[in-house]
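Beneath this line is the structure, given in C-alpha cells, with notes to follow.
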Amino acid sequence: MVQGLFGKIRQPHAMAVVSRVLSTNAGIAATVLVALSCYWPLSDSIPAHGGLGYDGIRYARWVRDLPVVLFPDGPLGPFVKSELDSYAARRFGPSAVLHCAMRLLDVPRTDANVIAAFAVANLALLTLAIFCWCRAADASGLTIRGKWIGVLALQVSYANWKMPLFYPVLTDTFALALGALSLMFYLERRTFGLVLIMVGGGFVWPTLPYFCLLLLAFPPAPQRPDQPDPSAGPRGWRDLPTWTAGTAALLGLVLITILVRDEYDIANTPVRPLSKLVALSASVTALYLFFGLRTLLDSPGLWRDLRPQMVLRRRLVWAAMLSIGAIEAGVASIAVAHADYSGKRFVTDTFFSSITQPGIFYLAHVLFFGPMLILVPFLWGPMCRSIQRRGAGMTLCFTLALVIGAGSESRKLMNFYPFVVLFLAERVDRSVRESWQVGMLAILSLLLSKVWLPMGQDLPVPFLGTVPWRSLYASSRGPWIDHASYLLQGALVSIVTLLVYRSFRPALRSRAPDAQGLAAARPCP
C-alpha cells in the first residue's frame, strides 16, 4: 500500500509521488471520484417511473419548472406563489440549483437529462464531502491511516455508493455534503460558513438546521483534560445523566405504547410490527436509548455549560435561535400547500419504525451505512469521551442523532453521518493496528454496499425463485425491510458481528490512552 497508510518503505520515485498524492486531501477525494466515475457506467437504475423513482418525480418536476415564484403579481399582490407544502419546502433547494444550472447551460430539462444532472451532482457532492471530511479530520488530528479508514466508512456503503447512482434523483447526497461542510466549519471555527450551511440546509434537509443550531450555540471548547474533574460540573450533576437517559427511555416506551394502541401506521410502508414481539422490540429501543444517552451525557463540562445562567448569557445562543426562527418563517412563507407531514409525524414515524422487528434500527443502520458501525457499541465509551472533549455543541448533536437513530429509517441521519465517522475512525485507527483487519472491514463494506447486486430488475435466485426488484431495493431501507428480509439479513449481520468481534476482540479490549487521540491534536485554527 502507500507509504502514509502503512508506514515508511523504500520506494522508487514514482511510487513516492503516488504516496504523497494519496496522503493529501485532494488526492483522497480525487481517488474517490475516479472510483465512482468508473462505477457509474456499470451501475443500474431504479425502474420506477423511468428512473425517477418515487420522491424523484417531484424533484424532477421542480427542475423543469421552479415551484416558487416571488412577486407574481407585483409588489402589492401576494408575494409568493408556490406549489410546495411544509415537507417539500424543506427539500426543493437542490432542484432549484439544478434548474438554474441547466438553464444557464441551455440543457433541455427532459427526464433523462434531469436524472443525469442529479447523478453528476451526486458525484461532485460525494467528492466534496470526502474533501471536507478530510479537512475536519486534519483539524481533529487524525493520522493518514485514520483518514483512509474514515473514507472507507463514509464512502463504501449502500448509502453513498449504490444509492447515489441507482436512485440519483434525491436530496440525500446534498445533505451528506452539507453535513461534511458543517463539520469542517465547526472544527475550523468558521462561524459565517456554518450560518450559510444552516440557512441553505433549511431548504435541503429538514433536520440539518437544528444540528447547525446546536453547533452555533456552543462553539468548540478548548481541549478538555482526558480525565475530567468531577468537581467541574454543577452540584448533583452525577445523577443527571442517569435521570435524563431514564426519562428519554421511558418517554420512548410511552410513545410506542400509545402508537401501538392507536394502531398507528407509517404511510407508504406495508410492513407492520410483529405483534407477538412488540414488547421485546420496544424494550430493545428503550435499552438503546438509556445506555447510549447515559454514557454520552456523563460529562461534568456538559452540565456546567447547560446551566441556565450560562446558556442565557451566550450571545450565539440567541443568534442561533433567531436564525432558526427566520428559517422557519421562510419555510412557512413558501409552504402554501396543505401537507400531512409535520414535526409530530417525524417523531411518531421514527419511534414506530423502531418496533417493526426487534433491533431493526441496528440492522438497518449497518445495512445502509456499512459494517463499520458494528464497532460502535464496542467503542462507544471511548468515542463519547472524545465527543465530550469537543464541548457541549458536539455532545448535544450526538444526543439528537442518537434519539433519531432509534428509528430504522437511516437516511434521516445522512447529514450527521460524517460526524459519526470522524470519531469512529479515530478510535478504530487507535484500536485496530493490523492491516488485515482493515482489509477485512473493506471487504465486508464492499459486500454490504450491494454495488454488485443488480436491483434494476427482478432477480432469479436459486431456492428462492424470482425476487422482485422492489424487494431488493427495500432490503436496506429500514421501515420497508419485510419480515423475511429481516430474518435472512439479520442472521447474516449477526454472523458478521460475531466475526468482527472475535477478530477484533484483543484490540477492542486493549484501551489505548486517550492522550494519544484528540487531546494530542493541534488546536483548531
Side-chain angles (χ1 to χ4, degrees), residues 45-62 67 83-92 94-95 111 115 118 158-159 162-164 166-175 204-207 255-256 258-260 262-275 278 281 285 335 337-357 360-361 363-365 367-368 404-414 450 455-456 458 467-486 489:
S45 60
I46 188 168
H49 303 106
L52 294 176
Y54 301 101
D55 291 352
I57 297 176
R58 285 197 294 179
Y59 301 143
R61 185 172 72 247
W62 300 340
E83 64 177 75
L84 302 176
D85 55 34
S86 60
Y87 176 81
R90 301 176 192 275
R91 293 178 183 266
F92 87 96
S95 295
D111 285 350
I115 293 170
F118 267 96
Y158 178 87
K162 180 70 175 180
M163 285 302 296
F166 176 75
Y167 190 172
V169 190
L170 287 173
T171 63
D172 296 41
T173 308
F174 288 82
V204 175
W205 203 250
T207 58
L255 176 58
I256 289 170
I258 294 173
L259 295 176
V260 172
D262 294 344
E263 298 183 352
Y264 185 80
D265 192 14
I266 301 176
N268 304 319
T269 306
V271 181
R272 298 292 300 168
L274 293 169
S275 56
V278 165
S281 301
T285 300
H338 174 72
D340 61 351
Y341 198 93
S342 61
K344 176 183 176 181
R345 182 177 160 190
F346 180 92
V347 173
T348 53
D349 280 4
T350 295
F351 278 88
F352 193 74
S353 71
S354 74
I355 60 165
T356 52
Q357 301 101 356
I360 181 61
F361 54 89
L363 173 64
H365 298 337
L367 292 174
F368 195 73
I404 296 174
S408 63
E409 192 169 359
S410 307
R411 63 191 292 258
K412 288 182 177 180
L413 290 171
M414 281 294 292
K450 299 182 180 178
M455 298 194 313
D458 297 348
V467 180
W469 71 264
R470 288 183 179 85
S471 297
L472 298 171
Y473 161 69
S475 62
S476 294
R477 300 187 68 83
W480 291 269
I481 298 177
D482 59 32
H483 302 320
S485 294
Y486 166 79
Q489 295 184 116

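Since this is a predicted model, take the numbers as computed values, not measurements.
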| So, do I481 and L367 sit near enough that their side-chain heavy atoms are less than 4.5 Å apart? | yes
| field | Min side-chain heavy-atom separation F352-P273 under 4.5 Å | value | yes
| query | Can a cation-pi geometry be assigned to R91 and W205, taking NZ or CZ under 6.0 Å from the six-membered ring centre and within 45° of the ring axis? | reply | yes
| said: I'd like to check the side chain to side chain contact (heavy atoms under 4.5 Å, CB included) partners of A335; sequence neighbours left out, ordered by chain and number. | reply: S86, A89
| note | Sorted by chain and residue number, the side chain to side chain contact (heavy atoms under 4.5 Å, CB included) partners of T356 (sequence neighbours excluded) come out as V271, I360
| task | State, yes or no, whether a side-chain contact exists between R477 and Y158 at a heavy-atom distance under 4.5 Å. | result | yes
| field | Heavy-atom side-chain proximity of F368 to M414 below 4.5 angstrom | value | yes
| task | Calculate, to the nearest 0.5 Å, the distance between atoms CE and CG belonging to M163 and L170 respectively. | result | 6.0 Å
| said: Using modelled atom types and a 3.5 Å cut-off, is there a donor and acceptor pairing between side-chain atoms of D262 and backbone atoms of Y264? | reply: no
| query | Within the distance-only criterion (no hydrogens, no angle test), does the side chain of Y167 pair as donor or acceptor with the backbone N or O of Y54 below 3.5 angstrom? | reply | yes
| Nearest 0.5 Å, what's the CG-CZ distance between L84 and R58? | 8.5 Å
| message | Testing the basics here: between V169 and Y59, what is the closest heavy-atom pair and its distance to 0.1 Å? | response | O-CD1, 3.4 Å
| Check: W469 and I46 side chains under 4.5 Å, non-hydrogen atoms | yes
| S354 OG to L255 CG distance, which is reported to the nearest 0.5 Å | 9.0 Å
| request: Using the test side chain to side chain donor-acceptor pair (under 3.5 Å), find all partners of K450 that sit at least two apart in sequence or belong to another chain. | output: S475, S476, Q489
| task | Taking side chain to side chain donor-acceptor pair (under 3.5 Å) as the test, write out the residues that go with D265, two or more places apart. | result | R272
| field | All ring-ring contact (aromatic ring centres under 6.0 Å, His included) counterparts of Y473, not counting sequence neighbours | value | none
| message | Is there a side-chain contact between T348 and L259 in this structure, where contact means two heavy atoms from C-beta onward sitting under 4.5 Å apart? | response | yes
| field | ring-ring contact (aromatic ring centres under 6.0 Å, His included) involving F346 - partner list, sequence neighbours excluded | value | none
| request: Would you check, one step at a time, whether the test side chain to side chain contact (heavy atoms under 4.5 Å, CB included) holds for R90 with V204? | output: CA-CA 5 Å; R90 301 176 192 275; V204 175; over 6 Å; no
| message | Looking at every heavy atom in both P168 and I115, which two are closest together, and how far apart are they? | response | CG-CG2, 3.8 Å
| Pairing residues for R411 by the salt bridge (Lys or Arg N to Asp or Glu O under 4.0 Å) criterion, not counting sequence neighbours | D172, E409
| message | My understanding is that only residues two or more places apart in sequence, or in another chain, count here; which of them pass side chain to side chain donor-acceptor pair (under 3.5 Å) with D482? | response | S485
| query | What residues form a side chain to side chain donor-acceptor pair (under 3.5 Å) with S45, not counting sequence neighbours? | reply | none
| Going by heavy atoms in the side chains, are T207 and K412 under 4.5 Å from each other? | no
| Between F361 and H365, how do the two ring planes meet: parallel, tilted or perpendicular, split at 30° and 60°? | tilted
| request: Could you list the residues that satisfy ring-ring contact (aromatic ring centres under 6.0 Å, His included) with Y486, not counting sequence neighbours? | output: none
| query | Sub-3.5 Å donor-acceptor pair from the side chain of S353 to the main-chain atoms of D349, do we have one? | reply | yes
| All ring-ring contact (aromatic ring centres under 6.0 Å, His included) counterparts of F174, not counting sequence neighbours | none
| task | Measure the OG-CH2 distance between S471 and W480 for me, rounded to the nearest 0.5 Å. | result | 14.5 Å
| request: Run the numbers on L274 and S281 for side chain to side chain contact (heavy atoms under 4.5 Å, CB included), then give the verdict. | output: CA-CA 9 Å; L274 293 169; S281 301; over 6 Å; no
| A60: partners by side chain to side chain contact (heavy atoms under 4.5 Å, CB included), with sequence neighbours left out | L52, R64, V114
| said: Looking at every heavy atom in both S408 and A364, which two are closest together, and how far apart are they? | reply: O-CB, 3.3 Å
| note | In terms of heavy-atom contacts, P468 and D458 come closest through CA-OD1, 3.3 Å
| request: Could you tell me which non-hydrogen atom of W62 sits nearest to which non-hydrogen atom of A88, and how far apart they are? | output: CH2-CB, 3.3 Å
